[in-house]
Every structure is written in structure tokens, then in C-alpha cells.
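Note that the structure is predicted; figures quoted are calculated from it, not measured.
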Amino acid sequence: MRRALAILAGLIVTAALWEGYKAVGSPDGTVLLGVRILPRADDLSMPHLWTIAQRLGRPELTGGDPVWTVVLRACLFTLGITAAGFVAGAVVGLLLAVAMQRFRIVERGLLPYVILSQTVPLVALAPLVAGWGGSIMPAWATVAVIAAYLAFFPIAVGMLRGLQSPSAGGEELMRSYAAGWWRTLVKLRFPAALPYLFPALRLAGAAAVVGAVVGEISTGTRGGIGRLIIEYSREATSDPAKVYTAMLGAALLGLLVAGAVSLLEVPLMRHRRHVEVVTL
């Protein structure tokens, strides 16, 4: 409940800042030393929020479906790709974290390259992935690979830190029980890693959405919210509110994925606390 109220408060503050800046901002933007530091506040660049809401209810084209139904279908399409990429990225990230925790030489040799992989611009990588997999994978799978590429990194780093977090006393206790590596991993390291894992999963979920949207834009995959943003941006001069409807859909999609991860966190963290109490 507190988290939901915090999200609601954040949305209210964002809306107040938007409308407040539109009321007092310059139509030409705020310029400092010849550099525009704040956007233009005219109706073409920043439509009123109620104008965007009204545009959601009007037809996309004359006689067509309302914009909100088109945006919803696009979000569901992108959600499916995001889910596939998120799961693939989570599996890869978890396996890498376990391998790096188990073998120090793997951590020393692989971790720098895991970090280096995130410095490659996604807009440059996406066409390469599309070219490599275009002949063997459908378009949606190519976009899922791009989403997985962004999702695996926070999970691998966060899970590695969590697996290395148990105290020396806990590890010594497991050795006194003659517990092997696998039992120590399951009984000690995995429960200790949960507080590190779920923030990483939330970051990975948001990154997977970004990867899916950018992947759809870069590869030209139709049906998703990324492609819809490009199509609506072509009408920005004549129908600026329409562009913001697609961007609103992408933002809500990211919140939905992060919320789904948070729902998964509740029972697992409650079980972890219960296990700690019983153990004590």
C-alpha cells in the first residue's frame, strides 16, 4: 500500500511539474549562455495533460479504433517480447553469477567483459543482432535477444554481490555441518542473496522494456509500442498529443514490469524472514 501511494504521489508531482512549467515557461524554452536547458512550453512541444487524455479516446484514424486500444495492443505485443527477453536475461545473469562466485578465476576473467558489454551503444548493436539472427530467428525473437542483452547485466552483478554476502561465520557453520558447495549455495547463499536480487530484477525489468522498445525501433519490427512511437512521431507537427500517447504507453509498460517483479518479491522475502526466525 505504501509503495502504491508513493507511485501515486510521484505521478501527481510529475503532473504538477509538467503543468506548472507549461504555465510559467517560455514558448521558446529556457536558454542559458546560448544553450537551451529547458524545453519549449508551447502546445506543439508540451501539450496539456488533459489534451493527451482526450486524444486517447479519439480514433487513431478517421473511422478507426480509439488510440487507447491501439496503444494497448502495442503494449501487449511489446510485453510479450519483454517477458521473453527478461526471462532469458535472468537465466543468463543467474548462471553467470553462480559461476563467478564458484570459481574466482571465472570472476576475474569474465566480470570485466560483462561490464564492458554494457558500454556498447544499443542503437549500434541492434542492427547487428538483427542482421545476425534475421535468417534464423523471427523478428520478435531478435528484439527479445536485445532485451535480454540489457537485462542480464544488473542480475549478474547484483546476484554475484548477494552470493558473496554471507558472513564468514555462516560459511564456517556450513563447513562444520560438512555441507558441500551445492548445499551451501541453496541453504546459505541463495537466501542471503534475495535482498540483492530483487532490486536487480527491477532494474533488469526496466532495462528489458527499454531494450524491447529500442529494438523494435532499430529493427523495424511492427506491432509493438516502439514502432508505434516512430509512426506517431511523424505526425508530431499536426497532432503532438498523439506522440505522447505512445510514450505514455511505454512508460506504463515499464511500471507494469517493475510492479510484477515487486509482487514476486513479497512472498519470497516473507518466506526468507520466516526461515530466519525459525533458524534463530
Side-chain angles (χ1 to χ4, degrees), residues 3 79-120 129 141 144-212 254 256-280:
R3 187 169 296 170
L79 178 61
I81 296 177
T82 300
F86 176 76
V87 171
V91 171
V92 172
L94 290 173
L95 292 178
L96 286 175
V98 171
M100 288 188 290
Q101 185 279 321
R102 179 66 178 89
F103 303 103
R104 183 59 60 87
I105 190 173
V106 175
E107 178 185 356
R108 291 178 177 176
L110 193 60
L111 187 58
Y113 292 100
V114 171
I115 297 174
L116 183 64
S117 68
Q118 301 303 299
T119 64
V120 180
V129 175
V145 169
I146 298 171
Y149 169 79
L150 287 186
F152 91 94
F153 174 74
I155 296 175
V157 174
M159 190 64 177
L160 175 61
R161 184 181 177 188
L163 293 176
Q164 294 175 340
S165 66
S167 64
E171 295 179 12
E172 183 65 29
L173 180 63
M174 295 302 293
R175 282 195 293 268
S176 69
Y177 291 154
W181 171 79
W182 176 255
R183 186 173 294 275
T184 302
L185 179 69
V186 174
K187 297 294 185 179
L188 176 65
R189 297 192 185 276
F190 270 154
L194 289 180
Y196 300 86
L197 176 61
F198 284 106
L201 287 175
R202 284 193 291 270
L203 289 175
V209 173
V210 173
L256 176 63
V257 173
V261 175
S262 297
L263 290 177
L264 179 64
E265 178 182 3
V266 172
L268 290 179
M269 291 300 293
R270 184 179 300 157
H271 173 72
R272 176 178 179 272
R273 287 191 292 266
H274 175 71
V275 170
E276 289 178 346
V277 171
V278 171
T279 303
L280 292 174

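- You'll find the side chain of Val92 reaches within 4.5 Å of the side chain of Leu96, heavy atoms only.
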- Query: Given the rule in the side-chain contact (heavy atoms from CB on, under 4.5 Å) test, do Val257 and Leu79 qualify, once you have shown the distances and angles that lead to the verdict?
  - Reply: CA-CA 8 Å; Val257 173; Leu79 178 61; 4.0 Å; yes
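- Residue Met100 holds its CE atom at 10.5 Å from CG of Leu95, rounded to the nearest 0.5 Å.
- Residues that satisfy the side-chain contact (heavy atoms from CB on, under 4.5 Å) test with Ala151, not counting sequence neighbours, are Ala204, Ala208.
- Proximity of Phe153 to Leu203: side-chain heavy atoms (C-beta onward) are nowhere separated by under 4.5 Å.
- Applying the side-chain hydrogen bond (donor to acceptor under 3.5 Å, both in side chains) test to Arg183 and every residue at least two apart in sequence or in another chain returns nothing.
- For Leu173, the side-chain contact (heavy atoms from CB on, under 4.5 Å) partners are Ser176, Tyr177, not counting sequence neighbours.
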Atom pairs and distances, donor-acceptor, side-chain atoms in residues 184-201, under 3.5 Å, two or more places apart:
| from | atom 1 | to | atom 2 | distance (Å) |
| --- | --- | --- | --- | --- |
| Thr184 | OG1 | Gly180 | O | 2.8 |
| Arg189 | NH1 | Leu163 | O | 2.7 |
| Arg189 | NH2 | Glu171 | OE2 | 3.4 |

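- Shown here for Thr82 and Ala212, the closest heavy-atom pair between the two residues is OG1-CB, 3.5 Å.
- Between Ala144 and Ile81, the shortest heavy-atom distance links the atoms N-CG2, 3.6 Å.
- With sequence neighbours excluded, no residue satisfies side-chain contact (heavy atoms from CB on, under 4.5 Å) with Ala258.
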Check: residues 105-115 side-chain donor-acceptor pairs under 3.5 Å, at least two apart:
| from | atom 1 | to | atom 2 | distance (Å) |
| --- | --- | --- | --- | --- |
| Glu107 | OE1 | Gln164 | NE2 | 3.2 |

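- Closest heavy-atom contact between Gly211 and Ile146: O-CG2, 3.6 Å.
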